[in-house]
There are 2 protein chains.
Amino acid sequence: MTQPLPPIRIGDTLPACEIRITQDMIDVYAAISGDFNPIHVDAQVAAASAFGGTIAHGCIPMEPVFQSIMRWRNSEALPPDTAIRLRYRAPSRPGDVIRSEASVRGDRQLEGRRLIEIGFVCLNQRDECVIDGECELTP
Amino acid sequence: MTQPLPPIRIGDTLPACEIRITQDMIDVYAAISGDFNPIHVDAQVAAASAFGGTIAHGCIPMEPVFQSIMRWRNSEALPPDTAIRLRYRAPSRPGDVIRSEASVRGDRQLEGRRLIEIGFVCLNQRDECVIDGECELTP
């Protein structure tokens, strides 16, 4: 917060962030959330499912986006009234490295508030899109 | 998956789900996500901030919504291409009990796909809205 941030311009790229997903991480998230669904935590049941193995809870692959925004703004938390729209495109699995790519797409005023639109994708190590979406916030 | 699910109708209420937030949960989420920002994990620094105390990472208070949808559909994961739009209205803190209230708001066809729109709010124990939003999915 001590350095002034550069002005925001359409096309600006946000810092890339990534997360490496492990089964331990998924198991711990199950304990936090209470969501112990076998598709997340039971390798044998998950292997027999349509997914063919365990998958991460939906929040986990979004984490690089949150971190990218906060690092970009040198901020501790998302600004109040931040809106996020996201679509789940593919599951994330243990061993996947999920990275975010995000950039400034829009800059408008609404009722005296500046609204910056950020487009983002979360990609795995095979460059497959696992989540895409937009985020609108007042910097 | 063995019981047929009842038909979906506009106005249907989804199962209520709740999560009790603790500092332990936040600390564990920091370890999962790599986001050890003091606003989440350092009581002293957070107390001196505008928030007046530690706050949960943004994913944590969304968890009741995910669980509500999955319980409603008796499903292990969100359907592919599920879209979520959410707005953060207020921070969630250790000691808060966050519950979701969700209902079916829309039912339409798009390119041969049935799209169900769900509106949701996440409320704390003082009935303050911490997140609101919509989710669109193909059941």
Side-chain angles (χ1 to χ4, degrees), chain A residues 1 17-22 24-35 37-40 42 45-46 49-51 54-67 69-71 75-91 131-137, chain B residues 1 17-22 24-35 37-40 42 45-46 49-51 54-67 69-71 75-91 131-137:
Chain A
M1 296 293 196
C17 289
E18 70 174 37
I19 193 169
R20 179 179 297 270
I21 295 178
T22 65
D24 275 357
M25 188 186 280
I26 297 171
D27 292 346
V28 167
Y29 193 83
I32 293 179
S33 66
D35 178 357
N37 196 299
I39 197 67
H40 301 306
D42 187 324
V45 169
S49 77
F51 291 106
T54 58
I55 63 171
H57 302 75
C59 272
I60 296 175
M62 267 301 286
E63 197 54 42
V65 178
F66 293 127
Q67 293 193 32
I69 293 170
M70 292 186 287
R71 200 181 296 175
S75 159
E76 297 172 323
L78 296 177
D81 294 324
T82 293
I84 300 172
R85 186 174 172 88
L86 61 99
R87 289 165 294 275
Y88 285 101
R89 299 304 191 184
I131 302 175
D132 60 39
E134 302 86 40
C135 177
E136 205 166 47
L137 53 83
Chain B
M1 295 292 193
C17 289
E18 71 174 37
I19 193 169
R20 179 180 295 271
I21 296 178
T22 65
D24 276 358
M25 187 186 280
I26 296 171
D27 292 346
V28 167
Y29 193 83
I32 293 180
S33 66
D35 179 357
N37 196 299
I39 197 67
H40 301 306
D42 186 324
V45 170
S49 77
F51 291 106
T54 59
I55 62 171
H57 301 76
C59 272
I60 297 175
M62 267 301 286
E63 196 55 40
V65 178
F66 293 127
Q67 293 194 32
I69 293 169
M70 292 186 288
R71 199 181 298 173
S75 158
E76 296 173 322
L78 296 177
D81 293 324
T82 293
I84 300 173
R85 186 173 172 87
L86 60 100
R87 288 166 295 274
Y88 285 101
R89 300 302 191 185
I131 302 174
D132 59 40
E134 303 85 41
C135 177
E136 206 167 47
L137 54 82

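Chain A is the first sequence line, chain B the second, and so forth, proteins listed ahead of strands; every chain is numbered from 1.
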Review point. Does A:Asp35 offer a backbone N or O that forms a donor-acceptor pair with the side chain of B:Glu63 under 3.5 Å?
Key: no
Check your understanding: Are B:Glu136 and A:Arg85 side-chain neighbours, meaning at least one heavy-atom pair lies under 4.5 Å?
Key -> yes
Practice item. Answer with side chain, backbone, both or neither: which region of A:Leu78 has an atom nearer than 4.5 Å to a non-hydrogen atom of chain B? Key: side chain
Review point. Could you give the distance from NE2 (A:His57) to CE (B:Met70), rounded to the nearest 0.5 Å?
Key: 7.0 Å
Check your understanding: So, for A:Cys59 and B:Phe66, which heavy atoms are closest and what is the spacing to 0.1 Å?
Key -> SG-CE1, 3.5 Å
Check your understanding: In Å and rounded to the nearest 0.5 Å, what is the CG to CZ distance from B:Asn37 to A:Arg71?
Key -> 11.5 Å
Exercise for review: Please flag which part of B:Ile55 lies under 4.5 Å from any non-hydrogen atom of chain A: side chain, backbone, both or neither.
Suggested key: side chain
Review point. Where is the tightest heavy-atom contact between A:Ile19 and B:Ile32, given as atom of each residue plus distance?
Key: CD1-O, 3.9 Å
Revision key, fill the gap. In this structure, CD1 of A:Ile131 is separated from OG1 of B:Thr82 (nearest 0.5 Å) by 11.0 Å
Practice item. Could you tell me whether the side chain of A:Arg89 reaches within less than 4.5 Å of the side chain of B:Pro80, counting heavy atoms only? Key: no
Check your understanding: Can you name the closest pair of heavy atoms from B:Arg87 and A:Ala83 and give their distance?
Key -> CG-CB, 3.6 Å
Check your understanding: Tell me, side chain or backbone of A:Ile84 under 4.5 Å from chain B's heavy atoms, or both, or neither?
Key -> both
Review point. What distance do B:Leu137 atom CG and A:Tyr88 atom OH have between them, rounded to the nearest 0.5 Å?
Key: 12.5 Å
